[in-house]
Number of protein chains: 2
Amino acid sequence: MNPLEIPEIVIRRLPLYLRALNLLTEQGQVVTSSQELGERLGISSTQIRKDLSYFGEFGKQGTGYDVRYLAEQLRQILQVNRTWNLVLIGAGDLGRAIARYNGFERGGFSIVAVLDRDKQKIGNQVGQLRIQDIAQLPDVLRQHHVQIAIIAVPPDEAQGVANLLVKNGIRAILSYAHITMPADVRIQHIDPVVGLQSMTYYLVPTQP
Amino acid sequence: MNPLEIPEIVIRRLPLYLRALNLLTEQGQVVTSSQELGERLGISSTQIRKDLSYFGEFGKQGTGYDVRYLAEQLRQILQVNRTWNLVLIGAGDLGRAIARYNGFERGGFSIVAVLDRDKQKIGNQVGQLRIQDIAQLPDVLRQHHVQIAIIAVPPDEAQGVANLLVKNGIRAILSYAHITMPADVRIQHIDPVVGLQSMTYYLVPTQP
DNA sequence: TAGATTGTTAATCGATTAACAATC
DNA sequence: TAGATTGTTAATCGATTAACAATC
């Protein structure tokens, strides 16, 4: 099947499967089933088997899936059986928290540079990295072959930063502030308020 | 129509509409149309009208929607035309970044306490708040009528914290680490790696 | 073998969209 | 009025699920 025909909603579930498999691996489990995975993720076993079937046959009838093997296959499908270099723009509280987050390596990512425009911050150390001047962006991107950026600057600066990134060849952005992008650039938003607001709809306001 | 019958996917789009309307308000725009909103959000105008029609008639034929009025209606629907008190668990880098994020008030939320178990951190100031001992959790929740919590502790502590929160009556959790919860507790995850991994699928690896 | 679980088809379910009357 | 845009219906599209043969 042509990869372009696979529903995006399927692609978006694969990282969840991978995370669950990583957890099972850590717990020492060797084999799992679509049912077990489904229970852990709140997804039907049929849906998991259907999703996987877009890409191949990874299980054994009567037995299930080899945890490590399936995880490796998913990494291959998602192209994270390699390391993608990332740049992080913004070295405020949020930027520093992201720079020190150690879940990226496991996921197939490596932050190779933290950039900011604040002269006060440039030169300071954050984790293993020294904060660089945003003016270095073109050099850094070329040098490390970076295609993906994380934006952690204040909301009103985010769009400008995003435009700059795209002008310098960035193809995918994870942004903590809202931005709009041309259709050929992948974008993912992280906004805690949006998450909270879709929960309050369901809450009963017992609070006075 | 019974609220329980409204598709969750519709509910999850409403905060996006609200954010776009807030932006339009800031830009001084008084009236908008489903088409304009749709273009800004990458959603069809028909879908927006359909979504809104679950809740009432908010527009004028030939004219469109009053920006402030529609925003206020959405706030009412989402129950964020009031302030929900939040507690934040975890005062590391991430917790401090969240505590200082000033988008919560606008969205209908207020962090009333930051709690941690680290004696070194307890008592320190973060933004307007003093870091409190996690042992204070029951008191804090009761005192401020808190139903929603944000978890920003290390991954391996998150599940324990979540269990504690639920035991103390929390009904909704926004977590930066993966946890599982009983079905009657609302949960939203924020995981940068999951977002990144569903973008790499579509990237062409020109990188060596 | 018997039991279990996959991979897959076909049916069902639900969400999106096209079309248009209503009406500002 | 003419033009524009809503709200809504019905059609279409696409995703999920039930069922089951295949097979380990």
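Proteins get letters first, then strands, A, B, ... in listed order; numbering begins at 1 in each.
- An angle of 20°, rounded to 10°, separates the two end axes of the helix from C:dG3-D:dC24 to C:dC24-D:dG3, each defined over five pairs.
- Legend: ring pair (Phe, Tyr, Trp, His ring centres under 6.0 Å) pairs involving residues 160-184 of chain B, not counting sequence neighbours, sorted by first then second residue: B:H178-B:H189.
- Legend: residues meeting side chain to side chain contact (heavy atoms under 4.5 Å, CB included) with B:Q128, ordered by chain and number and at least two apart, are absent.
- Of all the residues in residues 56-71 of chain B, B:K60, B:Q61, B:G62 reach under 4.0 Å from DNA chain C with at least one non-hydrogen atom.
- Counting 5' to 3', DNA chain C first comes under 4.0 angstrom of a heavy atom of chain A and last does so at the ends given by C:dA4 to C:dT9.
- Residue contacts shown for B:L52 are absent, as no nucleic acid heavy atom lies under 4.0 Å away.
- Residues satisfying the ring-ring contact (aromatic ring centres under 6.0 Å, His included) test with B:F104, not counting sequence neighbours, are B:Y101.
- The side-chain contact (heavy atoms from CB on, under 4.5 Å) with A:I187 is formed by just one residue from the set A:I151, A:V166, A:T180, A:I179; it is A:I179.
- Across B:A152 and B:I98, no two heavy atoms sit closer than the pair CB-CD1, 3.9 Å.
- Taking the nucleotide of DNA chain D with the nearest heavy atom to each of A:K50 and B:T46, the more 5' of the two is matched to B:T46.
- Residue pairs meeting the salt bridge (charged side-chain N to carboxylate O under 4.0 Å, His left out) criterion with at least one member in residues 158-185 of chain A, sequence neighbours excluded, are A:R171-A:D184.
- Listed by chain and number, the residues in a side chain to side chain donor-acceptor pair (under 3.5 Å) with A:E8 amount to none (sequence neighbours excluded).
- As judged by a 4.0 angstrom heavy-atom cut-off over every strand, A:S44 is placed among residues touching the sugar-phosphate backbone only.
- Between A:R106 and A:E26 there is a salt bridge, since at least one side-chain N of the basic residue sits less than 4.0 Å from a carboxylate O of the acidic one.
- The existence of a salt bridge linking B:K60 and B:D66 is excluded, since no basic side-chain nitrogen approaches an acidic carboxylate oxygen closer than 4.0 Å.
- Applying the salt bridge (Lys or Arg N to Asp or Glu O under 4.0 Å) test to B:R100 and every residue at least two apart in sequence or in another chain returns A:D93.
- Distance alone, capped at 3.5 Å, places no donor-acceptor pair between the B:Q197 side chain and the A:L78 backbone.
- Scored by the side chain to side chain donor-acceptor pair (under 3.5 Å) test, B:R186 finds no partners at all (sequence neighbours excluded).
- A search for salt bridge (Lys or Arg N to Asp or Glu O under 4.0 Å) contacts involving A:E72 returns A:R75, not counting sequence neighbours.
- Only A:S33, A:S34, listed by number, bring a heavy atom of residues 24-36 of chain A to less than 4.0 angstrom from any atom of DNA chain C.
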